[in-house]
Amino acid sequence: MASYCSELQYLANPVTTHVQSAEQHNQDVNSLGLISARKSAEAIEILKLMSSTYMVALCQTIDLRHLEENMREVVKHVVQQAVKKTLYSDEKDGSLLASRFFEKELLQVIEHQPVFSYLEDPTNTSYALLLQLREVLVAKALNTCPAKDGEKEISEEDKYLIFKRIPFFQNELKAILGDEVTKAR
């Protein structure tokens, strides 16, 4: 766009300084209508290019926003599936785990994490998404997050079970997430 604007400014320069005198310097009056028409036609072509470039940029912006929203919803859905499968109940005795209440905090991580920071490879453990999800689970298991109104403190046994379930959660998330994101693209 900047180069288009520069070209428009160049075309807007006056041509009167370049007028050649006629009839042995007797008359300095020449019609500049032809050059004005040609330069105006060039300026209109550049304005068309500028408008079309702007429209393409707007379409790409809308497309990227749509992709971002779709991917965020896909990742939320996958995290909810992984939470329900791995953090809701203990596989041995079927008892409910305290970690089933962490779904809201995990979804908040997804909401605040920019999608394009992990979209290339969402299962990469060095990207911020999986690191922050694990951080939430570890913080809850260590009980570094204070209990909110209506919540009771997590027992030591529940903390141990949460720590035990973190690798299962991550493995389940990795197993589903890569395929689902690829399908959603």
Kindly work out whether a path of hydrophobic side-chain contacts (I/L/V/M/F/W/Y, heavy atoms less than 4.5 Å apart) joins Leu131 to Phe116.
no

Tell me whether Leu8 is reachable from Tyr10 by hopping between hydrophobic residues (I, L, V, M, F, W, Y) whose side-chain heavy atoms are closer than 4.5 Å.
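The answer is yes; both residues are in one hydrophobic cluster.
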
Output for pair (Gln108 CD, Lys104 NZ), nearest 0.5 Å, gives 6.0 Å

Nearest 0.5 Å, please: how far is CD in Glu172 from CZ in Arg165?
10.0 Å

Please indicate whether Met1 has more than 12 foreign heavy atoms, meaning atoms of other residues, nucleotides or ligands, lying under 6.0 Å from its CE.
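Yes, enclosed.
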
Is Tyr54 atom OH crowded by more than 12 heavy atoms from other residues, nucleotides or ligands, each under 6.0 Å away?
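No, OH of Tyr54 has 12 or fewer neighbouring heavy atoms, counting only those of other groups under 6.0 Å.
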
Under 4.5 Å between any side-chain heavy atoms of [X] and [Y], yes or no?
X: Met50; Y: Cys5; value: yes
X: Leu137; Y: Leu106; value: yes
X: Leu67; Y: Leu119; value: yes

With sequence neighbours left out, what residues match Thr125 under side-chain contact (heavy atoms from CB on, under 4.5 Å)?
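Residues passing side-chain contact (heavy atoms from CB on, under 4.5 Å) with Thr125: Leu130, Lys174.
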
side-chain contact (heavy atoms from CB on, under 4.5 Å) against Ser51, all qualifying residues, sequence neighbours excluded
none

Enumerate donor-acceptor pairs with a distance under 3.5 Å from any side-chain N or O in residues 57-65 to protein atoms, sequence neighbours excluded.
residue: Thr61; atom: OG1; partner: Ala57; partner atom: O; Å: 2.8
residue: Arg65; atom: NH1; partner: Glu68; partner atom: OE1; Å: 3.4

Please set out all donor-acceptor pairs under 3.5 angstrom arising from side-chain atoms of residues 176-183, sequence neighbours excluded.
residue: Thr182; atom: OG1; partner: Gly178; partner atom: O; Å: 2.8

Enumerate donor-acceptor pairs with a distance under 3.5 Å from any side-chain N or O in residues 35-47 to protein atoms, sequence neighbours excluded.
residue: Ser40; atom: OG; partner: Ser36; partner atom: O; Å: 2.8
residue: Glu45; atom: OE2; partner: Lys48; partner atom: NZ; Å: 3.4

Which heavy atom of Pro167 sits nearest to which heavy atom of Phe163, and what is that distance?
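Answer, listing the atom of Pro167 first, then Phe163: CD-O, 3.4 Å.
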
Would you name the heavy atoms of Tyr127 and Tyr118 that are closest together and state the gap between them?
CD1-CA, 3.8 Å

Sequence neighbours excluded, which residues qualify as side chain to side chain donor-acceptor pair (under 3.5 Å) partners of [X]?
X: Gln170; value: none
X: Asn124; value: Ser126
X: His112; value: none
X: Thr53; value: none

Hey, are Ser117 and Gln113 close enough side-chain-wise for a donor-acceptor pair under 3.5 Å?
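Short answer, yes.
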
Show, in sequence, the C-alpha distance, side-chain angles and deciding distance for Phe169 and Ile166, and conclude whether the side chain to side chain contact (heavy atoms under 4.5 Å, CB included) test is met.
CA-CA 5 Å; Phe169 172 73; Ile166 291 174; 5.6 Å; no

Glu73: salt bridge (Lys or Arg N to Asp or Glu O under 4.0 Å) partners, not counting sequence neighbours:
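So Glu73 forms a salt bridge (Lys or Arg N to Asp or Glu O under 4.0 Å) with Lys76.
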
Yes or no on side chain to side chain contact (heavy atoms under 4.5 Å, CB included) for Val115 and Ile110, after CA distance, side-chain angles and deciding distance?
CA-CA 8 Å; Val115 171; Ile110 295 166; over 6 Å; no

What residue pairs, at least two apart or across chains, pass salt bridge (Lys or Arg N to Asp or Glu O under 4.0 Å) with a residue in residues 114-137?
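Listed once each, the pairs would be none.
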
